[in-house]
Amino acid sequence: MKYYSTKNKKITANFRTAVINGIAEDGGLFMPEEIPQFPAGMMQSLPNQSLHEIGMQVISKFAGYMDQLSLLKIIEQAINFNAPVKTLSESLSILELFHGPTLAFKDFGARFLANAMAHFNKDEDKELIILVATSGDTGSAVASSFYGKEGIKVGLLYPSGMVSQIQEKQLTTMGKNIKAFEIEGTFDDCQRLVKTAFLDPNIKEKFNLSSANSINIARLLPQSLYYFYAYGQVKKNLGIDDVIFTVPSGNFGNLTAGLIAGKMGLPVKKYIAAVNSNTVFTEYLQNGVFKPRPA
């Protein structure tokens, strides 16, 4: 499996390079050249599969040359908590994604990414620097996931006064290989600083940089797993095949993971992106014009 830059499809990389680098040299995101398709039989077996079993089937399709034993170890270490579906009525269920160590759905992707990066970087003689822009959940999950990882340091950029008190404490009290930077500005300013660093040739020459935001493909793939797992639980508990996922959405990383699952063959009837009064994305879907505004 090769990964191409969303800015230039001629720029490609293998899974390891896409994970370690985070983004392509031209600033584009790495996306797989093809989305593997699962047969209908795999979907029928989902009610009887664990998260680890689903993880091996899904991620092994994307991980290329990576040996199965190492991949299984990474998945088992990363996802050591459950994602149960709780039935509220015959037509409404809720997928609980707060059973990870920081109580956020991002624990799935961040913990897989941290273990994958540690695996790929273990034989390197150059320290890996992870830069992350966060408004709360991402920073907490990344700080917890990368804490104590050998050969890796993490810099967390968060907007001053725009992070909840408990999440700010999660960000700033880790210590060891985790360092937080309070930025005067918005989340977009933090993201801009991170992307600017990635594209600066002098910084790139001096430091081995990567990202743990959902722009990294190794954040998206593990998040696709709980869509498969949720579908299996609903089918097993309620006998329902027509499933609609409603996803609370900010930058749409979680929703993108669900769309990847759908492209792989998960029979999702519809996705609903639930957004707040910031209507930039809604307007883009309606008229095809992307007009970002200040947060």
Side-chain angles (χ1 to χ4, degrees), residues 1-37 58-67 70-71 74 109-110 112-134 138 142 146 151-155 157 188 190-224 251-264 281 284 288-290 292:
M1 172 72 74
K2 285 188 176 182
Y3 293 81
Y4 68 89
S5 168
T6 53
K7 286 190 174 181
N8 182 357
K9 287 193 173 184
K10 292 182 179 179
I11 297 177
T12 61
N14 60 22
F15 183 66
R16 179 190 182 282
T17 301
V19 172
I20 289 292
N21 290 357
I23 61 174
E25 60 191 40
D26 64 348
L29 308 188
F30 279 121
M31 288 298 288
E33 287 189 329
E34 60 179 317
I35 302 294
Q37 298 291 301
V58 172
I59 298 179
S60 63
K61 298 282 189 181
F62 293 91
Y65 68 90
M66 194 171 180
D67 71 271
S70 295
L71 180 58
I74 289 171
F112 178 87
L113 177 62
N115 283 282
M117 281 187 164
H119 171 77
F120 289 139
N121 199 57
K122 65 179 185 297
D123 297 324
E124 298 294 324
D125 56 4
K126 193 173 183 180
E127 194 172 55
L128 183 62
I129 309 294
I130 310 294
L131 290 182
V132 179
T134 181
T138 296
V142 168
F146 281 90
I152 300 177
K153 285 185 178 179
V154 177
L157 285 69
D188 289 338
C190 297
Q191 187 79 293
R192 194 175 300 112
L193 286 169
V194 170
K195 289 183 177 180
T196 300
F198 284 147
L199 297 176
D200 188 309
N202 294 323
I203 293 177
K204 287 176 68 177
E205 183 178 353
K206 187 174 181 180
F207 299 104
N208 189 16
L209 295 181
S210 187
S211 172
N213 283 96
S214 55
I215 57 177
N216 194 307
I217 190 66
R219 273 280 309 276
L220 292 176
L221 293 178
Q223 289 174 195
S224 72
N251 282 334
F252 306 99
N254 197 3
L255 184 73
T256 300
L259 293 174
I260 290 174
K263 290 289 186 181
M264 295 186 77
F281 183 67
Y284 169 73
V289 179
F290 179 61

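K153 has its side chain out of reach of I130: every pair of non-hydrogen atoms, C-beta onward, lies at least 4.5 Å apart. Contact annotation: the side chain of L221 never approaches that of V58 to less than 4.5 Å [non-hydrogen atoms, C-beta and beyond]. Using a 4.5 Å heavy-atom cutoff, the side chains of N216 and L113 are in contact. Between M31 and Y3 there is no side-chain heavy-atom pair separated by less than 4.5 Å. Contact check for I217 versus P32: side-chain heavy atoms found under the 4.5 Å cut-off. At least one side-chain heavy atom of L157 sits under 4.5 Å from a side-chain heavy atom of V194. Side-chain contact between N121 and K126 is absent, with no heavy-atom pair separated by less than 4.5 Å. A heavy-atom distance below 4.5 Å is not found between the side chains of V142 and T134.
Using modelled atom types, no side-chain atom of Q223 and backbone atom of T256 make a donor-acceptor pair closer than 3.5 Å. A donor-acceptor contact shorter than 3.5 Å links the side chain of S210 to the backbone of I20.
Taking a 6.0 Å sphere around CG of N208, one finds it holds more than 12 heavy atoms contributed by other residues, nucleotides or ligands. Other residues, nucleotides and ligands contribute more than 12 heavy atoms inside 6.0 Å of the NZ atom of K204. At most 12 non-hydrogen atoms from other residues, nucleotides or ligands lie less than 6.0 angstrom from NZ of K10. When the shell of 6.0 Å around CD of E25 is examined, it contains 12 or fewer heavy atoms from other residues, nucleotides or ligands. Environment of CD in E33: crowded, with over 12 heavy atoms of neighbouring residues, nucleotides or ligands closer than 6.0 Å.
In this structure, NZ in K61 is found 10.0 Å from CD in Q37, a value given to the nearest 0.5 Å. I23 CD1 to K7 NZ: the interatomic distance, rounded to the nearest 0.5 Å, is 8.0 Å. Rounding to the nearest 0.5 angstrom, the gap separating the OG1 atom in T6 from the CZ atom in F30 is 9.5 Å. Atom CG of N21 sits about 11.5 Å away from atom OG of S5, to the nearest 0.5 Å. Here the CG atom belonging to L71 is positioned 5.5 Å from the CZ atom belonging to F112, to the nearest 0.5 angstrom.
The pair E124-R16 meets the salt-bridge criterion, with a side-chain N (NZ, NE, NH1 or NH2) lying under 4.0 Å from an Asp/Glu carboxylate O.
Considering all non-hydrogen atoms of both residues, F62 and I35 come closest at CE2-CD1, 4.5 Å. Of all heavy-atom pairs spanning A218 and V19, the tightest one is CB-CG2, 3.8 Å. Nearest approach of A212 to F146, heavy atoms of both residues: CB-CE1, 4.1 Å. Shown here for A13 and A18, the closest heavy-atom pair between the two residues is CB-N, 4.3 Å. Closest non-hydrogen pair, M66 versus H119, comes out as CE-CD2, 3.7 Å. Residues I11 and A24 come closest through the heavy atom pair CG2-CB, 4.4 Å.
Taking the six-membered ring where the residue is Trp, the centroids of F281 and F252 are separated by under 6.0 Å.
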Take E34 and M1, measure what side-chain contact (heavy atoms from CB on, under 4.5 Å) needs, and give me the verdict at the end.
CA-CA 8 Å; E34 60 179 317; M1 172 72 74; 4.0 Å; yes
One pair to check against side-chain contact (heavy atoms from CB on, under 4.5 Å): I129 and E127. What are the steps and the verdict?
CA-CA 6 Å; I129 309 294; E127 194 172 55; 3.9 Å; yes
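Ring geometry, F120 versus F15: the interplanar angle exceeds 60°, so the pair is classed perpendicular (tilted spans 30 to 60°). Using a 30° and 60° split on the angle between ring planes, Y284 and F290 fall in the perpendicular class, above 60°.
Between the side chains of N14 and T17, at least one donor N or O sits under 3.5 Å from an acceptor N or O.
With sequence neighbours left out, S60 forms a side chain to side chain donor-acceptor pair (under 3.5 Å) with no residue at all.
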